[in-house]
Amino acid sequence: METIKAVKGTRDLLPPETERWNLVESVTREVFRTYNFQEIRTPIFEKTELFARGVGADTDIVAKEMYTWEDQSRGGDNVAAGRQSLTLRPENTAGVVRAYIEHRLWERGLNKFYYIGPQFRRERPQKGRYRQFFQIGAEVIGPPPSGSESPARDAELLELLASLLDRLGIQQWRLELNSIGCPADRARYDQVLRQALQPVAANLCADCQRRAQTNPLRVFDCKVPADQAIIETLPRISQFLDEPCRKHFDEVREILASVGVPYTLNDRLVRGLDYYTRTAFEFTHGALGAQNAILGGGRYDGLSEALGGPQAPGIGFAIGEDRLVMSLGQSAATDGAKLDVYIAPLGTGMNKEAARLARELRRHNLVVEVGEESFRLKKSLETASKQGARYALIAGENELSTGVFALKKLASGEQRSVSRDRLLAEIQG
RNA sequence: GUGGGAGUAGCUCAACCGGCAGAGCACCGGACUGUGGCUCCGGACGUUGCGGGUUCGAUUCCCGUCUCCCACCCCA
């Protein structure tokens, strides 16, 4: 029979790799906690319309990378009977903002959420890119007087990220920062940019010629060397920021400077959608191949309204957890659970005694593995040392009758006879 | 979706010009009946990704297909 394999672009995370994921997640949760962020969990599937509106119907994500299906509804499922289109979430911001609106969370003032979970995009897999991938993200959102609109929030989020990467031991991260202004700025800029592109577009690569028509901002993403000289001459969004946007950006930068978070201005860093505003950023890492962006984020002051909610400025980011774990390399030496004791039952009926011993020891938080009474002692000891156990506890018929157990320290080979009631103290000491 | 590379034992990889599919590691057993690491000996290991074609004969050549890797598009 043909065996079933994981579907394209998905993968199993096996030990010991899962230890590294757990390390990343526990450090992350701890960092979020100290910045007073709280976890939010939204469904992994939503109505397709949410992403069409929340991510943008014209984006590649929505146009061709979503796992979407028609779900049969019998009525009462929050829709009339009939079919509704559902989609596995390709990102988590839209879901969070949907929940924000649905539960009227603006009544709580400023919300600082984080999430950790799987996302789904139907892309061609490659290094650091999977069809089920994991993101760690955060969203700061609230009604205008709550402070969510403040440049202090942008700076706090960026400083949090710098701390997180530092604490994970990621050495060569680089923060690239830009402001893309407000929609009005971008509308003016878009016009100017299109005009500037018109005379030179013919000299650019085919992709750029297409972008010049469809989404001029994307020209700045071009990596073709020959195009760079021309691109360098194009006007930049930074020249079109209105006074409030300029002040906002200056303030973000001043706070970053005062807390000592290094950054690089990159006025080619852009975002395509209308509700993206002001601060845009990416953290990159050298050792990730073409997928060098380890996380990205920015301000989305217009998103809530785009989804039919009240005015609610927000800023957020999403970390590609797969890439984050990858860039950890061997720097994070994670030792798996070290065995404290391997119990070697020896002889018929000794499984019962071994189970009693294991239960007692585990009750005191010792990490215990138990062999099998049919194993030869040689095999049990071999397994014990292979698994890195500190002690082997031999539970044979002799021990059971005398009440004195053989406790062997595997590193030194030293073996002692220990009475049953002193076992715990001996192992813990 | 597009382009390139690769799929052989659990893992890492060999196998000349088309001629009996191999090694190291890991696994299991023995030397050694209740004492691990070292050593020695032995064992199991495979529809060579899958399907078709050429051939007396295909891991090898051809076609298709699937998966992975790298890159493009795009993005985290």
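Below, chain A is the first sequence line, B the second, and so on; all start at residue 1. These figures come from a predicted structure and were not determined experimentally. Because only heavy atoms are used, hydrogens play no part in the values below, and waters and symmetry mates are left out as well, while side chains stay in.
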Verify, without hydrogens or angle tests, whether A:N178 (side chain) and A:L269 (backbone) share a donor-acceptor contact under 3.5 angstrom.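 Such a contact is found between A:N178 side chain and A:L269 backbone.
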
Can you check whether A:C205's main-chain N or O pairs, donor with acceptor, with A:D227's side chain at less than 3.5 Å?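 At least one qualifying donor-acceptor pair exists.
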
For a quick check of understanding: with a heavy-atom distance under 4.0 Å over all strands, which category does [X] fall into, base, sugar-phosphate or nothing?
X: A:E282; value: nothing
X: A:D322; value: nothing
X: A:G316; value: nothing
X: A:F317; value: nothing

When you compare [N] with [M], how far apart are their [atom1] atoms, in angstrom units rounded to a whole number?
N: B:C66; M: B:G52; atom1: C1'; result: 15 Å
N: B:A31; M: B:G37; atom1: P; result: 14 Å
N: B:A71; M: B:C16; atom1: C1'; result: 33 Å
N: B:G3; M: B:C11; atom1: C1'; result: 31 Å
N: B:G42; M: B:C50; atom1: P; result: 32 Å
N: B:C17; M: B:C75; atom1: C1'; result: 48 Å
N: B:G19; M: B:U55; atom1: C1'; result: 12 Å
N: B:G18; M: B:C61; atom1: C1'; result: 8 Å

If the condition is side chain to side chain contact (heavy atoms under 4.5 Å, CB included), which residues does [X] pass it with, not counting sequence neighbours?
X: A:D185; result: A:C182, A:R188, A:L241, A:D242, A:C245
X: A:D190; result: A:R194, A:P216
X: A:F120; result: A:I44, A:Y67, A:L88, A:P118, A:Q132
X: A:A152; result: A:S150, A:I255

Going 5' to 3' along nucleotides 35-41 of chain B, which nucleotides have protein heavy atoms under 4.0 Å from the base (write B), which only from the sugar-phosphate (write S), and which from neither (write -)? BBB----

Using ring pair (Phe, Tyr, Trp, His ring centres under 6.0 Å) as the criterion, list what pairs up with A:F37, not counting sequence neighbours.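 For A:F37, the residues satisfying ring pair (Phe, Tyr, Trp, His ring centres under 6.0 Å) (neighbours in sequence not counted) are A:F32.
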
Under the ring pair (Phe, Tyr, Trp, His ring centres under 6.0 Å) test, residues paired with A:F283 that sit two or more places apart: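 By the ring pair (Phe, Tyr, Trp, His ring centres under 6.0 Å) rule, A:F283 matches A:W173.
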
Please state how far atom [atom1] in [X] lies from atom [atom2] in [N], giving the value in whole angstrom units.
X: A:Y130; N: B:C75; atom1: OH; atom2: C1'; answer: 15 Å
X: A:D12; N: B:C68; atom1: CG; atom2: P; answer: 12 Å
X: A:Q387; N: B:C27; atom1: CD; atom2: P; answer: 11 Å
X: A:F51; N: B:C75; atom1: CZ; atom2: C1'; answer: 16 Å
X: A:R218; N: B:C72; atom1: CZ; atom2: P; answer: 15 Å
X: A:F375; N: B:U33; atom1: CZ; atom2: P; answer: 18 Å

Evaluate salt bridge (charged side-chain N to carboxylate O under 4.0 Å, His left out) for A:R363 paired with A:E360, printing each intermediate quantity in order. CA-CA 5 Å; A:R363 207 176 265 169; A:E360 283 174 36; over 6 Å; no

Given [N], is OP1 or OP2 found less than 4.0 Å from the side-chain N or O atoms of [X]?
X: A:Q126; N: B:C69; result: no
X: A:R376; N: B:G30; result: yes
X: A:K127; N: B:C69; result: no

Sequence neighbours excluded, every pair satisfying ring pair (Phe, Tyr, Trp, His ring centres under 6.0 Å) that has a member inside residues 181-206 of chain A: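 Only A:Y189-A:F240 qualify under ring pair (Phe, Tyr, Trp, His ring centres under 6.0 Å).
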
Salt bridge (Lys or Arg N to Asp or Glu O under 4.0 Å) pairs, two or more places apart, involving residues 8-18 of chain A: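 Residue pairs with at least one partner in residues 8-18 of chain A: A:R11-A:D322.
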
Side chain to side chain donor-acceptor pair (under 3.5 Å) contacts touching residues 389-402 of chain A (sequence neighbours left out):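 Matches after skipping sequence neighbours: A:D340-A:R390.
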
Mapping A:K386 and A:K8 to their closest nucleotides on RNA chain B, which lands nearer the 5' end?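 Nearest-nucleotide comparison on RNA chain B picks A:K386.
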
Give me the distances for all protein-to-nucleotides 1-11 of chain B N/O pairs that come in under 3.5 Å?
unit_1, atom_1, unit_2, atom_2, d
B:U2, O4, A:R124, NH1, 2.9

Secondary structure of RNA chain B in dot-bracket form (Watson-Crick or G-U wobble, distances below 3.5 Å, | marking inter-strand pairs): (((((((..((((.....[..)))).(((((.......))))).....(((((..]....))))))))))))....

Between the side chains of A:S419 and A:D421, is a donor N or O closer than 3.5 angstrom to an acceptor N or O?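 There is such a pair between these side chains.
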
